[in-house]
Amino acid sequence: MSGAGSGSMSRRELFRMIGATAGGAAMFQAMSSLGFNAESPYNGPIELQGTPKGASVLILGAGIAGMTAAYELRNAGYKVQVLEYNNRAGGRNWSLRGGDSYTELGGFTQKCEFDKDLYINPGPWRIPYHHRGLLSYCKRLGVPLEAFVQVNYNAYLHSSQAFGGKPQRYREIKADYQGHVAELLAKATRQNALDDSVSKEDREKLLESLRGWGALDRDFSYGPSEASSDRRGYEKEPGGGLSARPIPSKPIGLSDVLDSGLWQGIPNGDTFDMQTALFQPVGGMGRIGEAFGRELGPLIRYSAKVIDIHQDQHGVTATYEDRLAPGTTLKASADWCLCTIPLPVLAQIPMNVGPALSAAISSVPYASAIKVGLQFKRRFWEEDDHIYGGISYTDLPITNIGYPNTGYHSSGKGVLLGAYIWGLNAMEFTAMTPQQRVQKVLEYGSQIHPQYPKEFDNGVAVAWHRSPFTMGCYGMWSADARAKHYDDLCRIDGRIALAGEHASFLGGWQEGAVTSSLDAIGRLHQLALAQGGKA
């Protein structure tokens with residue numbers, strides 16, 4: 001789903017610091033150890049053959065994990081029914097559009113007032129190219145994709161403590177940091193300071209590579225030049241006619257770049273999960289959930305709040321309330337159950353499973369996160385600032401500003417992701433009303449885009465710890481908890497299996513939900529075969 005906090009370091013901040021100081025490989029290793037950054041194991045469609053006649057599976061939750069399971073089990077010949085808390089399919093795969101309403105825990109209801117075809121993704125908003133499982137379902141379900149711009153060289157890196165609070169272009173900071181470092185390394189190499197590390201044969205190759213990498217001049221210096229301006233931009237850009245001659249720009253000094261801390265934002269597109277190509281569904285991430293919902297049709301029972309899960313030697317029964325008819329209690333039964341309900345919610349539902357699974361369910365806290373969508377009267381980020389897609393990063397609590405990666409040069413209004421907040425800051429924002437969150441985000445964002453106050457139209461703010469169907473953003477495994485409880489969470493208990501991003505090493509990603517689901521139903525299928533479908 002990058003984070004900023006105050007007073008306590010979030011995992012995202014920790015990973016960012018590791019990456020900045022020890023490099024991307026070290027950061028990847030640290031993230032992988034916590035199950036937060038790993039390549040998808042998906043190798044193609046699952047094969048479920050020989051389904052026992054009449055075998056049935058009850059699926060709890062119509063998020064990506066639940067609907068992946070329903071789709072495959074139905075195709076394999078199982079009788080499938082799905083119970084879903086919301087009145088829509090998708091779970092955290094969700095887009096808020098004009099006319100939508102959302103009520104959070106505490107009773108605050110927001111009605112989205114965005115213009116037609118504009119939206120915000122409160123949950124996931126990007127799909128890495130190596131998330132092959134989710135991409136395969138997009139293809140099979142006919143969900144068209146478009147590019148998601150992770151790195152925009154003309155977007156901003158911003159520190160409230162540097163350059164008088166004035167945001168700097170990503171390309172300027174990247175070029176200057178890289179140029180100054182290349183100059184220092186070239187100087188050390190030419191002074192034979194690296195002879196213990198670089199052979200005489202490689203010395204000239206290294207120097208030539210540093211010249212190209214850092215846009216250094218003939219003397220291996222970094223300063224105002226055609227080469228450096230071609231990276232960081234010009235004071236006066238090249239044009240045509242008599243006014244065509246460009247004027248090179250003056251790089252920021254190394255000390256100023258280092259003091260600003262903005263260099264920490266340079267690797268934002270280098271981590272494995274953020275490397276191009278990334279994708280987004282045309283029309284919003286929620287198009288995937290909607291496509292699954294259409295495919296599964298009447299198999300899904302919406303507005304069903306599960307209040308009890310009971311298994312015996314014959315099958316599993318879920319008791320649920322019809323949210324559209326308060327006081328109405330119903331039951332659904334099947335031979336087997338795949339439960340994809342997020343753990344903070346599941347921990348509150350009576351379920352007769354063993355102590356190992358019960359302990360595992362209670363051992364995974366969920367991350368706190370806030371997303372705020374802001375609609376403006378015009379696309380000033382394009383018209384005034386020439387930013388087309390991508391993300392600006394800041395040390396302010398809002399963390400970043402995401403620009404729409406579609407609809408370029410559209411007339412009329414536009415929607416930004418005005419904030420993606422994590423950690424302690426997210427908890428502080430969660431305590432606010434939705435209107436207060438939007439107002440605070442406007443105040444912070446105006447430090448980067450002063451057009452905010454004049455151009456603002458309306459906004460929505462989703463605090464994931466106030467989401468009634470998740471009570472948090474995603475499962476945050478610690479290394480100790482994963483070592484102690486992960487296998488217990490994933491093992492089948494009698495006739496009940498769990499699946500979801502929380503039961504994966506791809507935490508916080510939809511691919512974790514897909515691969516977890518396929519793994520779980522593969523094992524359920526083997527049990528069903530062994531028992532002939534029914535006990």
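As the structure is a prediction and not an experimental result, all values here were calculated from the model. Computation of the quantities below employed the complete heavy-atom set of this structure, encompassing side-chain atoms and omitting hydrogens, waters and symmetry-equivalent molecules.
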Validation row, ring centre [X] to ring centre [Y] under 6.0 Å:
X	Y	result
Y102	W94	yes
Y170	Y153	yes
H131	W509	yes

On a heavy-atom basis, which atom in [X] and which in [Y] lie closest, and how many Å separate them?
X	Y	value
Q447	S160	OE1-CB, 4.3 Å
T340	H502	O-CE1, 4.2 Å
G286	S95	N-OG, 2.8 Å
P342	Y366	CA-OH, 3.7 Å
A503	Y486	O-OH, 3.3 Å
L135	P128	CD1-O, 3.8 Å

Are the side chain of [X] and the backbone of [Y] linked by a donor-acceptor contact shorter than 3.5 Å?
X	Y	value
N154	H386	yes
R203	R190	yes
S228	G223	yes
R437	F429	yes
K413	F114	no
R378	W381	no
Y420	L417	no
N152	G389	yes

Classify the side-chain pair [X]/[Y] by whether it contains a donor and acceptor separated by less than 3.5 Å.
X	Y	result
E146	Q280	yes
Y234	E226	yes
T109	T103	yes
Y156	H449	no
S40	H130	no
S392	Y403	yes

Side chains of residues 213-221: which donor-acceptor pairs under 3.5 Å do they make with residues two or more places apart or in other chains?
unit_1 : atom_1 : unit_2 : atom_2 : d
D217   : OD1    : D219   : N      : 2.9
D217   : OD1    : F220   : N      : 3.1
D217   : OD1    : S221   : N      : 2.8

Show your working on side chain to side chain contact (heavy atoms under 4.5 Å, CB included) between L134 and T68 and close with a plain yes or no. CA-CA 9 Å; L134 184 63; T68 296; over 6 Å; no
How about [X] and [Y]: do any of their side-chain heavy atoms sit closer than 4.5 Å?
X	Y	result
L343	L489	yes
Q375	E113	no
C138	I288	yes
M427	H465	yes
E104	S467	no
V438	L374	yes

Of all residues at least two apart in sequence or in a different chain, which pass the side chain to side chain contact (heavy atoms under 4.5 Å, CB included) check with D195? N192
Salt bridge check, K205 against E208: does any charged N sit closer than 4.0 Å to a carboxylate O?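 No, no charged N to carboxylate O under 4.0 Å.
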Cationic N near anionic O, under 4.0 Å, K111 to D100: no
Look at atom CD of E237 and say whether more than 12 heavy atoms of other residues, nucleotides or ligands are closer to it than 6.0 Å.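 No, not enclosed.
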Verify the neighbour count for atom NZ of K187: are there more than 12 heavy atoms of other residues, nucleotides or ligands below 6.0 Å?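 Count not over threshold, so no.
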Is there a salt bridge (charged side-chain N to carboxylate O under 4.0 Å, His left out) between E501 and R92? Walk through the geometry before answering. CA-CA 11 Å; E501 56 82 19; R92 281 164 281 185; 3.2 Å; yes
Would you sort out whether E290 and N93 count as a side-chain hydrogen bond (donor to acceptor under 3.5 Å, both in side chains), showing the intermediate values? CA-CA 9 Å; E290 293 164 13; N93 177 284; over 6 Å; no
Taking it one step at a time, do L278 and I127 satisfy side chain to side chain contact (heavy atoms under 4.5 Å, CB included)? CA-CA 5 Å; L278 291 101; I127 307 172; over 6 Å; no
What residue pairs, at least two apart or across chains, pass salt bridge (charged side-chain N to carboxylate O under 4.0 Å, His left out) with a residue in residues 176-185?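 Those involving residues 176-185 are D176-R232.
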Ring geometry between Y137 and Y42 (parallel below 30°, tilted from 30 to 60°, perpendicular above 60°): tilted
